[in-house]
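Structure record follows, encoded as structure tokens.
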Amino acid sequence: GDRTPLQDKYSGARFAAKTINFGIVYGMGPQSLAASTGYTVAEAERFLTLYMSRYGGVKDFIERTHSIVERCGYVRTLTGRKRRLPAVRSKEWAIKGGALRQAVNSRIQGSAADIIKIAMMKMLQPLRDLGAQILIQVHDELIVMVPEQNAEKAAAIVKGCMEGATVLRVPLVTEPHIVERWGEAK
């Protein structure tokens, strides 16, 4: 259907927020941030400084990850899976910088993959018992096909398994959506 100006504004703000947050975590500098968001380079520099001072844990995580990969040559995900990054020992800054960014990405995205796999294993049998099946996983989303009369029960199972896959310092939060067709999903 037609989109309202508020939906367009929300969608644009959400995209900008995701771009900024992912970009910062993966080492986006002021020039890249400015190009991605329409900020001037000076505005992007101010924003990055403010962001890092307000969310010091992000900076600490990145620095700790860089230290680990430089010392060990690898990083681990939440469940202990190892990603070797020998390029971190390169004398060429561009190659080493790429390995440092991959180290941060591997810890975050690899851990997210671990969490959703744990959740999927927990929900598999309870969903089967409802006549439901997981059709596809895309990043942090699952598409589950379920008979209509069991949709609410299946949504509760998926939510419970995803939010309870592991215990973190911050809660995992999910938002199940029940739709008749994939195109209707948010």
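The basis for the numbers below is simple: all heavy atoms, side chains too, and nothing from hydrogens, waters or symmetry mates.
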Residues forming a salt bridge (Lys or Arg N to Asp or Glu O under 4.0 Å) with Lys122, sequence neighbours excluded:
none
If the condition is side-chain contact (heavy atoms from CB on, under 4.5 Å), which residues does Arg169 pass it with, not counting sequence neighbours?
none
If you draw a 6.0 Å radius around CE in Met121, do more than 12 non-hydrogen atoms from other residues or ligands fall strictly inside?
no
Any side-chain heavy-atom pair from Thr174 and Val158 closer than 4.5 angstrom?
no
With a 4.5 Å limit on heavy-atom distance, are the side chains of Met28 and Leu48 in contact?
no
Grouping I, L, V, M, F, W and Y whenever their side-chain heavy atoms are under 4.5 Å apart, do Met120 and Ile143 come out in a common cluster?
no
When you compare the side chain of Glu175 with that of His177, does any pair of heavy atoms fall below 4.5 Å?
yes
Are Met52 and Tyr39 connected in a single hydrophobic cluster, I mean Ile/Leu/Val/Met/Phe/Trp/Tyr linked by side-chain heavy atoms less than 4.5 Å apart?
yes
Please enumerate all residues that pass salt bridge (Lys or Arg N to Asp or Glu O under 4.0 Å) together with Glu43, with sequence neighbours excluded.
none
Separation between CD1 of Ile116 and CG of Asp114, rounded to the nearest 0.5 Å:
11.5 Å
Is it the case that the side chain of Ser32 and the backbone of Gly29 share a donor-acceptor pair, with hydrogens and angles ignored and the cut-off at 3.5 Å?
no
Roughly how far, to the nearest 0.5 Å, is the CD atom of Gln109 from the CD atom of Gln102?
12.5 Å
If every non-hydrogen atom of Ala34 is compared with every non-hydrogen atom of Ala44, which pair is closest and at what distance?
N-CB, 3.9 Å
Heavy-atom pair with the smallest gap, counting every atom of Ala99 and Ala87
CB-C, 3.8 Å
Hey, does Pro126 have a side-chain heavy atom less than 4.5 Å from the side chain of Ile157?
yes
With heavy-atom distances below 4.5 Å as the criterion, would you say the side chains of Arg83 and Thr77 are in contact?
no
Main-chain N/O of Glu63 paired with Ser67 side-chain donor or acceptor, under 3.5 Å:
no
Which heavy atom of Val146 sits nearest to which heavy atom of Ala154, and what is that distance?
CG2-CB, 3.8 Å
Is Met145 linked to Val138 within one hydrophobic cluster, defined over Ile, Leu, Val, Met, Phe, Trp and Tyr using a side-chain heavy-atom separation of less than 4.5 Å?
yes
Hydrophobic cluster identity match, Ile68 and Ile62, side-chain contacts under 4.5 Å:
no
Counting only N and O atoms by type, is there a donor-acceptor contact under 3.5 Å from the side chain of Glu70 to the main-chain atoms of Val88?
no
Can you find a pair of side-chain heavy atoms, one from Leu127 and one from Gln133, that are under 4.5 Å apart?
no
Quick check: are there more than 12 heavy atoms from other residues, nucleotides or ligands sitting under 6.0 Å from CZ of Arg84?
no
With clusters built from Ile, Leu, Val, Met, Phe, Trp and Tyr whose side-chain heavy atoms come within less than 4.5 Å, directly or transitively, what are the remaining members of the cluster of Leu78, listed by chain and number?
Ile115, Leu168, Leu172
Test of understanding: with ring-ring contact (aromatic ring centres under 6.0 Å, His included), list the residues that count as partners of Tyr51, not counting sequence neighbours.
Tyr55
Gly131 to Pro147 - nearest heavy-atom pair and separation
O-CD, 3.3 Å
Within the 4.5 Å heavy-atom criterion, are Asn105 and Arg101 side-chain neighbours or not?
no
Does atom NZ (Lys159) have a neighbourhood of more than 12 heavy atoms from anything else shown, all under 6.0 Å?
yes
Of all residues at least two apart in sequence or in a different chain, which pass the side chain to side chain donor-acceptor pair (under 3.5 Å) check with Asp129?
Gln125
Rounded distance (nearest 0.5 Å) linking atom CD1 of Ile95 with atom CZ of Arg89
15.0 Å
Checking Lys117 against Thr79 for the side-chain contact (heavy atoms from CB on, under 4.5 Å) test, could you report, in this order, the C-alpha distance in whole Å, the side-chain angles of both residues, the deciding distance, and whether it holds?
CA-CA 11 Å; Lys117 285 178 182 116; Thr79 63; over 6 Å; no
Does atom NZ of Lys82 have more than 12 heavy-atom neighbours from other groups under 6.0 Å away?
yes
Work out which heavy atom in Ser106 is nearest to a heavy atom in Val75; give both atom names and the distance.
CB-CG2, 4.0 Å
So with a 6.0 Å cut-off around CD of Gln149, is the heavy-atom count from everything else above 12?
yes
Treat each ILVMFWY residue as a node, draw an edge where side-chain heavy atoms are under 4.5 Å apart, and state whether Met123 and Leu130 are in one component.
yes
